[in-house]
Asks: 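Okay, handing you the structure first.
Counting starts at 1 for both ligands and their atoms, in listed order. Remember, predicted model here, so these are calculated numbers, not experimental data. In this chain, residues are counted from 1 in sequence order. Basis for what follows: all heavy atoms, side chains included, without hydrogens, waters or symmetry-related copies.
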Amino acid sequence: MTIRTEPSFRESVDLMYNRAVKLMDLPPGLEEKIRVCNATYTVRFGVRLRGSMHTFTGYRSVHSEHMEPVKGGIRYATGVNQDEVEALAALMTYKCALVEAPFGGSKGGLCIDPREYEEHELELITRRFAYELAKRDLINPSQNVPAPDMGTGEREMAWIADQYARMNTTDINAKACVTGKPLNAGGISGRVEATGRGVQYALREFFRYEEDKAAAGLAGKLDGKRIIVQGLGNVGYHAAKFLSEEDGARITGIIERDGGLFSVDGLDVEAVRNWIVKHGGVSGYPDAQFVEDGSQLLEEECEILIPAALEGVINLSNAERVKAPLIIEAANGPVTAGADEILRKKGCVIIPDMYANAGGVTVSYFEWVKNLSHIRFGRMQRRQEEARHQLVIDELQRLDDVMGDTWSMSPDFKDKYLKGAGELELVRSGLDDTMRAAYQSMREVWHSRDDVTDLRTAAYLVSIDKVAKSYHAKGL
Ligand code: NAD
């Protein structure tokens, strides 16, 4: 398969799917059934703003209902279109299967540049969009549960949740109609950071295996590795922050809409983020070299490249010049099918989107469970756990007392051991476990089959197999 012209995003996803499914032995017809998008709803609605009627176009696509509810974010961007929403919905199906989140795949989008509207205008638009989707059960705790994506966040999710609750006043599970809500509106600790945190856990897991690092020509730890990040939004910011602050990696490049920043010594992620919030972009930031055509930094020397903005940024026009030996797809679809082929031939290892950014949907799953159970994680067991730990500490203290100078507890052991896990600790633990288990399932296929030479194909094999099995279980 040699791809010379750039396919659309959805075609790109299909090409990658086809490449994997050829290596499988699915019952006749099932291959196509899994690939196709079940339905895409297009809505055009009007909102009266600034003295006149404005018409907006939105989509909600349902790729697969092999499990319900279906799940997937809602994106606000001017480039939103049916092809994109369908590609993203398909990726959601494979992603949920891979990380064993019990959902089918869906995605939504609204063609809008949110920066052009005041907050109260965005609220009116979001509520109206939510109304249009909810009345068709395209927002519903048991059928279709959106989440944040590019251009949306906690604020929009809170409006959507409230809109649904107003329309379904007796639904005791109304809060579970959407995830990514703020904590005070039924959200869960750790959801905002979840996708970036998942990228960190994914890299940590990758770096645990000598064989996998060697495949990318890398060795050693994350400590000191040079990383270039594209997009310092929710996902890119958290990934860059955690990797630099907790793992010692050096963020040498940050690419934003208005250009890129470069510093061999490493950028201060928090300072850059604050600069963006204040000035609307990276230009003018004092402690780094400014590169006007930010996308050139995608081709800069580094050990790890993290595209965390939008799809198709590594394509036929620049793939040959990308030097990073390891790419982790924090965004959805940042590498086109053609670029994927070029990079694979060059020996570049790509940790695929359906795995790399699955932290978001994983913690969304926890939030949905929390909403349905109507209780915060850890509420019942935390103090009981602390009391049991206290018993151990008391015994150790007795030992400490009799041993004199020959033995004593390490200084911070007591505090650390005594603290029972709260919701945030439990969420992080569940996320870490999920990212590790999913990585292991991919790498097992990657290393055990001669016909599987990359992680993306391995990821597809694992997830398609799971989707196929649930079709089988349904008798289809
Ligand atoms: P976001 O809106 O918070 O951030 C996107 C960032 O990218 C912004 O800082 C924006 O300025 C920047 N950007 C936009 N166009 C750019 C360009 N041409 N060049 C450089 N930078 C550009 O969005 P997000 O939620 O962080 O999502 C980013 C990606 O991650 C998307 O592909 C999304 O589908 C994917 N994703 C997000 C989540 C989530 O939980 N938010 C979960 C899974 C996947």
Asks: I'd like to know if the side chain of R191 pairs up with that of S364 as donor and acceptor (distance under 3.5 Å, no hydrogens or angles considered).
Replies: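 The criterion, which ignores hydrogens and geometry beyond distance, is satisfied for S364 and R191.
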Asks: Compute the shortest N/O to N/O distance between K107 and ligand 1 and return yes if it is under 3.5 Å, no if not.
Replies: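 Between K107 and ligand 1, no N or O pair is found under 3.5 Å apart.
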Asks: Would R197 and F242 count as a cation-pi pair here, with the cationic atom under 6.0 angstrom from the ring centre and within 45° of the axis?
Replies: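 Yes, a cation-pi geometry.
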Asks: Considering only NZ, NE, NH1 and NH2 on the basic side and carboxylate oxygens on the acidic side, decide whether D432 and R428 come within less than 4.0 Å.
Replies: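 Result for this pair is no, no salt bridge flagged.
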Asks: Please could you name the atoms of ligand 1 that I255 approaches to less than 4.0 Å, counting only its heavy atoms?
Replies: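 So the answer, numbered in order with elements, is 20 (C), 21 (N).
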Asks: Which of the atoms of ligand 1 are close to N357, meaning less than 4.0 Å from one of its heavy atoms?
Replies: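 Under 4.0 Å from N357, ligand 1 has these atoms: 43 (C), 44 (C).
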Asks: Nearest heavy atom to atom 15 (N) of ligand 1 wins, so pick from L310, I276, V313.
Replies: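 Among L310, I276, V313, the closest heavy atom to atom 15 (N) of ligand 1 belongs to L310.
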Asks: Would R443 and Y209 count as a cation-pi pair here, with the cationic atom under 6.0 angstrom from the ring centre and within 45° of the axis?
Replies: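 Yes, R443 and Y209 form such a contact.
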Asks: Report, as yes or no, whether the 6.0 Å neighbourhood of atom OH on Y41 holds more than 12 heavy atoms from other residues, nucleotides or ligands.
Replies: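 Atom OH in Y41 is crowded, with more than 12 foreign heavy atoms closer than 6.0 Å.
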Asks: Answer yes or no: is there an ion pair linking K323 with E301, defined by an N-O contact shorter than 4.0 Å?
Replies: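 Salt bridge between K323 and E301, a charged N being under 4.0 Å from a carboxylate O: no.
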Asks: Counting N and O atoms only, with roles assigned by atom type, does the side chain of N168 sit under 3.5 Å from a partner on the main chain of Y164, one being a donor and the other an acceptor?
Replies: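 Side chain of N168 to backbone of Y164, a donor-acceptor pair under 3.5 Å: yes, one is there.
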Asks: If the cut-off is 4.0 Å to any non-hydrogen atom of A309, which atoms of ligand 1 fall inside it?
Replies: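 Once the distances to A309 are compared, the set is 7 (O), 13 (N), 21 (N), 22 (C), 28 (C), 29 (C), 31 (C), 32 (O).
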Asks: Any Lys/Arg nitrogen of R250 or D265 sitting under 4.0 Å from an Asp/Glu carboxylate oxygen of the other?
Replies: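 No salt bridge links R250 with D265.
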Asks: For ligand 1, note which part of A330 has a heavy atom under 4.0 Å away: side chain, backbone, both or neither.
Replies: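 Only the backbone of A330 comes within reach of ligand 1.
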Asks: Can you tell me which residue and heavy atom of the protein come closest to atom 35 (C) of ligand 1, and the distance to 0.1 Å?
Replies: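 For atom 35 (C) of ligand 1, the nearest protein heavy atom comes out as N332 ND2, 3.8 Å.
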Asks: Take atom CD of Q440 as the centre, draw a 6.0 Å sphere, and report whether it contains more than 12 heavy atoms from other residues, nucleotides or ligands.
Replies: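 Above 12, so yes.
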Asks: For R75, which part has a heavy atom under 4.0 Å from ligand 1: side chain, backbone, both, or neither?
Replies: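 The part of R75 near ligand 1 is the side chain, not the backbone.
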Asks: Of the protein's non-hydrogen atoms, which lies at the shortest distance from atom 4 (O) of ligand 1, and what is that distance?
Replies: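 So the nearest neighbour among protein heavy atoms is G233 CA, 3.2 Å.
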Asks: Hey, looking at atom 14 (C) of ligand 1, which of R257, M354, E84, K95 has the closest heavy atom?
Replies: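 Residue with the shortest heavy-atom distance to the ligand atom: R257.
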Asks: Classify the contact between T195 and ligand 1 as side chain, backbone, both or neither, using a heavy-atom distance cut-off of under 4.0 Å.
Replies: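 For T195, the contact with ligand 1 is made by the side chain alone.
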Asks: Whether the E156 and Y76 side chains hold a donor-acceptor pair (N or O, under 3.5 Å, no angle test) is what I'd like checked.
Replies: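 Judged by distance alone, the side chains do not pair up.
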Asks: What's the shortest distance from atom 8 (C) of ligand 1 to any protein heavy atom, and which residue and atom give it?
Replies: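 The protein heavy atom lying closest is E256 OE2, 3.5 Å.
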Asks: Considering A331, G231, A308, which one's heavy-atom position lies nearest to atom 28 (C) of ligand 1?
Replies: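 It is A308 that holds the nearest heavy atom.
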Asks: Looking only at protein heavy atoms, which one is nearest to atom 3 (O) of ligand 1, and how far off is it?
Replies: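 The answer is N234 N, 2.9 Å.
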Asks: Hey, what's the ring geometry for Y439 with Y355, parallel, tilted or perpendicular (30° and 60° as the breaks)?
Replies: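 If you compare the ring of Y439 with that of Y355, the planes turn out tilted.
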Asks: Measure D353 to ligand 1 on non-hydrogen atoms and call it side chain, backbone, both or neither using the 4.0 Å cut-off.
Replies: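 The answer is neither; D353 stays 4.0 Å or more away.
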Asks: Taking only heavy atoms of L232 into account, list the atoms of ligand 1 that are under 4.0 Å away from them.
Replies: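 The list of qualifying atoms is 9 (O).
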Asks: Check ligand 1 against D149 and write out every atom of the ligand that is under 4.0 Å from a heavy-atom position of the residue.
Replies: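 Near D149, the atoms of ligand 1 are 25 (O), 33 (C), 34 (O), 36 (N), 37 (C).
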Asks: Side chain, backbone, both or neither: which part of R191 comes within less than 4.0 Å of ligand 1 when only heavy atoms are counted?
Replies: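 It is the side chain that gets close, since no backbone atom is under 4.0 Å.
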Asks: Would R273 pass as a cation-pi partner of Y237, given that its NZ or CZ must be under 6.0 Å from the six-membered ring centre and within 45 degrees of the axis?
Replies: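 Yes, R273 lies over the aromatic ring of Y237.
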Asks: I'd like to know if G151 contacts ligand 1, where contact means a heavy-atom distance under 4.0 Å to any ligand atom.
Replies: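 Contact present.
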Asks: Looking at non-hydrogen atoms alone, which of L297, T362, V235 comes nearest to atom 24 (P) of ligand 1?
Replies: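 Among L297, T362, V235, the closest heavy atom to atom 24 (P) of ligand 1 belongs to V235.
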